[in-house]
Amino acid sequence: QIQLVESGGGLVQPGGSLNISCAASGSTYNINIMAWYRQAPGMQREWVAQISHRGVSSYSDSVKGRFTTSRDDAKTTMWLQMNSLEPEDTAVYYCNARPYYSDLTGEDYWGQGTQVTVSS
């Protein structure tokens, strides 16, 4: 089992920055991919970014160049540095962790989410 807790959300003005984090506990040695998703009101949850156990990151087109994700070597914490924030970035941001064996079991884990609001 893997537990995930996001933190660092809040209210920020357009053009501002925010850094949110995801703390993992439990069987963190099994984590392969850690990812960020977000869900705006009335919208489906969408993939934002992810980082592999090797530290390789990828981003959705909507955040590329503005957001950066990173994780520590122990795979216990992941961060999302968000710059040049826009009102369209307003959403609940969720942390997701996929074990190495998720392709076989379909198993993955989610945090409870942290609210990010971009507004003047």
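The structure presented is a predicted model; accordingly, all values stated were derived computationally and were not measured.
Of all non-hydrogen atoms in Pro99 and Ala97, the two that sit nearest each other are CD-O, 3.9 Å. In terms of heavy-atom proximity, Val116 sits nearest to Met82 at CG2-CE, 3.9 Å. Here the shortest heavy-atom pairing between Trp47 and Ser58 reads CZ2-OG, 3.5 Å. Pairing each heavy atom of Cys22 with each of Met34, the nearest pair is SG-CE, 4.1 Å.
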For residues 12-21, which side-chain donor-acceptor pairs fall under 3.5 Å, sequence neighbours excluded?
unit_1, atom_1, unit_2, atom_2, d
Ser17, OG, Asn83, OD1, 2.9
Asn19, ND2, Gln81, OE1, 2.7
Ser21, OG, Ser7, OG, 3.0

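Although no hydrogens or angles enter the test, the distance criterion places no donor-acceptor pair under 3.5 Å between the side chain of Arg98 and the main chain of Ala35. The backbone N or O of Val118 sits less than 3.5 Å from a side-chain atom of Thr90, completing a donor-acceptor pair.
Under the ring pair (Phe, Tyr, Trp, His ring centres under 6.0 Å) criterion, the residue pairs touching residues 96-120 are Tyr37-Trp110, His53-Tyr100, with sequence neighbours excluded. Under the salt bridge (charged side-chain N to carboxylate O under 4.0 Å, His left out) criterion, no residue pair touches residues 109-120, with sequence neighbours excluded. Sorted by first and then second residue, the salt bridge (charged side-chain N to carboxylate O under 4.0 Å, His left out) pairs with a member in residues 103-112 form an empty list; sequence neighbours excluded.
Within the model, atoms CZ of Arg54 and CZ of Arg71 stand 11.5 Å from one another, a figure rounded to the nearest 0.5 Å.
Grouping Ile, Leu, Val, Met, Phe, Trp and Tyr residues whose side-chain heavy atoms lie under 4.5 Å apart, directly or via other members, leaves Trp79 alone, with no other cluster members. Other members of the cluster containing Ile33 do not exist, because no ILVMFWY side chain is joined to it at under 4.5 Å. Counting Ile, Leu, Val, Met, Phe, Trp and Tyr side chains that sit under 4.5 Å apart, directly or through other members, Val56 stands alone, with no cluster partners.
In this structure, Thr69 and Tyr59 have side chains that are in contact, with non-hydrogen atoms separated by less than 4.5 Å. Contact annotation: the side chain of Arg66 approaches that of Asp89 to within less than 4.5 Å [non-hydrogen atoms, C-beta and beyond]. Considering only heavy atoms from C-beta on, Trp36 stays 4.5 Å or farther from Asn96 through its side chain.
Shown here are the salt bridge (Lys or Arg N to Asp or Glu O under 4.0 Å) partners of Asp61, two or more places apart in sequence or in another chain: Lys64. Not counting sequence neighbours, Arg45 has no partner by the side chain to side chain donor-acceptor pair (under 3.5 Å) test. Residues forming a side chain to side chain donor-acceptor pair (under 3.5 Å) with Ser102 (at least two apart in sequence, or on another chain): none. Take Glu46 and apply the salt bridge (Lys or Arg N to Asp or Glu O under 4.0 Å) test, not counting sequence neighbours, and it matches Arg38. Applying the side chain to side chain donor-acceptor pair (under 3.5 Å) criterion to Ser57, with sequence neighbours excluded, gives no partner residue.
Linking Ile, Leu, Val, Met, Phe, Trp and Tyr whenever their side-chain heavy atoms come within less than 4.5 Å puts Tyr93 and Leu4 in one cluster. One hydrophobic cluster, built from ILVMFWY side chains closer than 4.5 Å, holds both Ile51 and Phe67.
In summary, the side chains of Gln115 and Thr117 do present a donor paired with an acceptor at a separation below 3.5 Å, with no hydrogens or angles considered.
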Trace of the side-chain contact (heavy atoms from CB on, under 4.5 Å) decision for Ile2 with Ile31 | CA-CA 8 Å; Ile2 298 168; Ile31 297 175; 3.5 Å; yes
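The number of heavy-atom neighbours closer than 6.0 Å to CD of Gln1, taken from other residues, nucleotides and ligands shown, is 12 or below.
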